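Here is the naming used below: chain letters follow the sequence lines, and residue numbers restart at 1 for every chain. In this text, all values refer to a predicted model and were calculated from it rather than measured experimentally. Below, each value reflects all heavy atoms present in this structure, side chains not excepted, and no hydrogens, waters or symmetry copies.
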Amino acid sequence: MVDGDTIVLQCRDISVHYGDVVALSDLSVAFDRGKIHAVVGQNGAGKTTFARAVAGLVSAQNGQILIDGKAIPPGNVSGARQAGVELVHQSFALPPSFSVAETMQFGAQNRAVYSRKGLEKRWQKHLDALDVKVSAGQRIRDLPVETQQSVEIARALVTKARVLILDEPTAVLSPEGTAKLFERVRRLQEIGVTVILILHKIREVLAIADTVTVLRGGLLVEGPIDTSGIDAARLSELIIGPDLRVVDEDDRAALTGSAAVAHTTAMKEAADGPPVLDVRSLSTRVDPDGPALDTVDLTIAAGEIVGVAGVEGNGQRTLVRAISALADVSAGTIELDGVTMTDAAMKARRLAGLRVIPFERNVEGLSLSSTLWQNWSIRMLLERSILAFIQPAELRKRCNDALDIWDVRYDNVSQLAGSLSGGNAQKVILAREMDDQARLIIAAQPTRGLDIGATSFVWDSLRKAKHRGCGILFISSDLDEIMDVCDRVVVMLSGRIVEAFEPPYDLKKIGAAMTGLSK
Amino acid sequence: MSDRIVSIIRALIFIVLALALCGVIFSIAGYSATGMFQAIIDGAFFRNNALTHALRWGMPLFITAVGVAISFRAGYFNIGAQGQFYMGAICAAFAADWLNGLPAAIVIPVCFLAGTTGGALWSLWPGLLRLKSGADEVITTLMGNFLAGLLLVYVTSGPLKDPSGSGQQASSTPLDAAYRISTSAGLSPVIIAIAALVGISMWLLVNRTAYGVLSGLAGRNATMVNWQGAKLVNIGLASFIISGALAGLAGTVELLGPNGRLASGFLPAHGFTAILIALVANLSITGIAIVAFFFGGLASAALYLPVIAGLPATAIEIINASIALFITAKSGVIDRLVRWRKGR
């Protein structure tokens, strides 16, 4: 055996640009056969681009990718597939209306004619062999997220995959789900598959990977490093980089998921007056965006950040929509600052101080093809009559001032929101929703997709609002973030609040509540 | 480069490309392309009274096109301007018939009221279907065009039929001259005043009210506006109603002005040309004023070509169709071209 034979995947000087943005620059890295490799870095570090380049989904502008010493054609999915590279996407790409068997067939050899029974029989064996507990006849849309992911992995292994890349597979999983995934990954390693995991949290890297490779800003920082020779603190330094020394220690740990932060600084001033949010026995009808709420009780005092943990799709969205007068309430009451608002229109709720940072920044939060000043001023405009006279010049000036205070990087307020980076776009939303009249701020996934600088900016802003006396409802699927930021945590499961936690938090207990195992 | 300049350049590129394509088509059809363009430009803008004619055709087109822009801005593809235009004319004609004999100071305002209401109602039902049950407004407004066209045939050969008509084309009894707001030449201070009023009020609505900003935002991202708590239904209905009312107003202007009576199938391309104008002008009210004048010129040239120059009037339709063709390429080639220029 020649020396180079231990290397299964080698990247030589890969660079990928999207327009003016450099996503990867001169990346050279080599991965050994038969090991579990982790690739880590903050958002925007180039992890996903790396995965997509290796799988042939994006074409590197220069450089070479070699599998078993043979160069694969750039930007060619079937070429990468033939060489044995398979990618499981971050957001699953399975067709929801297909059955499991059809999905598997889809990724395999094409045969024009097949019988449903034959397909199911054929693929059930494959699924059983990989210990994926699912019936091949079930439809994708009926499966829980974790099973969908297992199916996607099984689909990727239909061909003789030698390198399996999983792009942020843990982002959608509960801690238990993550543990199960890691078992599965280890079994794949045993049958000789080289697994590359794109990960976000140091805890997970150290739990599963043999080596770790750190990317930052499209550049290779270091790697692959043997995980036996590195500790969480050092790894967190590599990921964050030198420029963010200011971020406090707890935040750093939460940002990189290096340790479960025992948040103990719960600061509850004896708030006089009514709570800013008082939701009692709230139930809704089925919402187009998620399950119905089932007798939810939730109180948020002034100066308190309450976190909602839970696997995505367990009613968090319906909760936000109900408080924002978007979901159809069937029973129960909603009070804002002591005033009953159960049937009030959003305008009245806004005037009472309700502010919402929605889940999907680019869809629910901003109109990307509209100007910054229009995006920024919509909240104020909606507080007036629809025929109210406006002076765009004055709005532009006020928008300009507000965006400057929030340190948004932009050219002028007439540029389109779509031209901003994710962090800057989120700051525009913060500038709109976190004004001085805010009483209750709903922050739904406010840091999703943001880099470390922008994430800690969002956290600091929320903490400042809390010290001003705002109540904050903080929704996130990232437990490290929730535990670091929140004074109290409730867990949602299937439209209900199943358990509440006070600091110091126990990651395991919260995780168990998320999957319903604690009861 | 500011967005405004980009959209002007884009509109110019549309027209130049469309004219180039027309030149090719004219040549293939055996006409001298330069001669054809010469005749069209003469007919549109340089013969005697050409500007008056361009304005005569441009004014009603402007009014309807502004209405189209109002609904397109809010994200609703109300392509029923033609039907709403007809309904406006029909309702105004009924009002005039009903009040025949009363003083003009009563009849004319009532006709305008009836015409705008008729147009608005003809836009309201597709709007309600769209906003309450999600029925695609493109389909319903298109059907509305056919229904209104058939209704016009019925009205002109039934209830309002001119008994002394020649029988070549069904039409209503000509209006009393006292009720006309212009001669058949079609340009009068009243019409100019109406167009100006529409232009100014709609410009203010779009650029100086909360509705203007909100409807634009809703048109580009309704989900976001919904999350902000706006009543999308109200914004949508207002947009449908305004756009229908303006088309109805244009129908009334045509009836009380140049036409003087209702004729079956009159101005069959009016609403579609208005859509074209709104799109070329990128839905800007000021832009529509300029583009409507240009298309008004083409419309008057269409009448001039066969009579004076002995050329086919369909040349103008080919020009319109070519412009429409390039507008559909809007988001593709031309945007990329503009971006490329910006990048340098």
So which residue, B:L204, B:T223, B:I235, ends up with the most heavy-atom pairs under 4.5 Å with chain A?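 Counting heavy-atom pairs under 4.5 Å, the top option is B:T223.
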
Would you say [X]'s side chain and [Y]'s backbone share a donor-acceptor pair under 3.5 angstrom?
X: A:E360; Y: A:P358; result: no
X: B:T64; Y: B:G271; result: no
X: B:N78; Y: B:E137; result: no
X: A:Q415; Y: A:D411; result: yes
X: A:T318; Y: A:A292; result: no
X: B:Q84; Y: B:G248; result: no
X: A:S25; Y: A:G218; result: no
X: A:T447; Y: A:L450; result: no
X: A:Y410; Y: A:A417; result: no
X: A:S330; Y: A:S283; result: yes

If we only count heavy atoms from C-beta on, is the A:V16 to A:Q61 side-chain gap below 4.5 Å?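 Side chain of A:V16 against side chain of A:Q61, heavy atoms only: contact under 4.5 Å found.
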
Do A:L336 and A:L277 have side-chain heavy atoms sitting under 4.5 Å apart?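 Sidechains of A:L277 and A:L336: in contact.
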
Under 4.5 Å, heavy atom to heavy atom: which of residues 424-438 of chain A reach chain B? Give them by number, or say none.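 Those residues of residues 424-438 of chain A which have a heavy atom under 4.5 Å from chain B are A:R432, A:E433.
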
Any residues in residues 205-213 of chain B near chain A, with a heavy-atom distance under 4.5 Å, and which are they?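 Counting heavy atoms that sit under 4.5 Å from chain A, the residues of residues 205-213 of chain B involved are B:L205, B:N207, B:R208, B:T209, B:A210, B:Y211, B:V213.
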
When only heavy atoms count and the cut-off is under 4.5 Å, which of residues 115-126 of chain B reach chain A?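 Listed by number: none.
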
Which pairs with one or both residues in residues 362-372 of chain A pass salt bridge (charged side-chain N to carboxylate O under 4.0 Å, His left out), sequence neighbours excluded?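 Residue pairs with at least one partner in residues 362-372 of chain A: A:R317-A:E364.
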
Is the B:Y76 ring parallel, tilted or perpendicular to the B:F240 ring (thresholds 30°, 60°)?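 Plane angle between 30° and 60°, so tilted.
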
Just give me the residue among [options] that pairs up with chain B most often, heavy atom to heavy atom, under 4.5 Å.
options: A:L387, A:N412, A:I390; result: A:I390
options: A:R349, A:R384, A:R321, A:R350; result: A:R350
options: A:L395, A:L368, A:L381; result: A:L381

Stepwise side-chain contact (heavy atoms from CB on, under 4.5 Å) test for A:Y18 and A:L24: CA-CA 10 Å; A:Y18 297 116; A:L24 269 187; over 6 Å; no

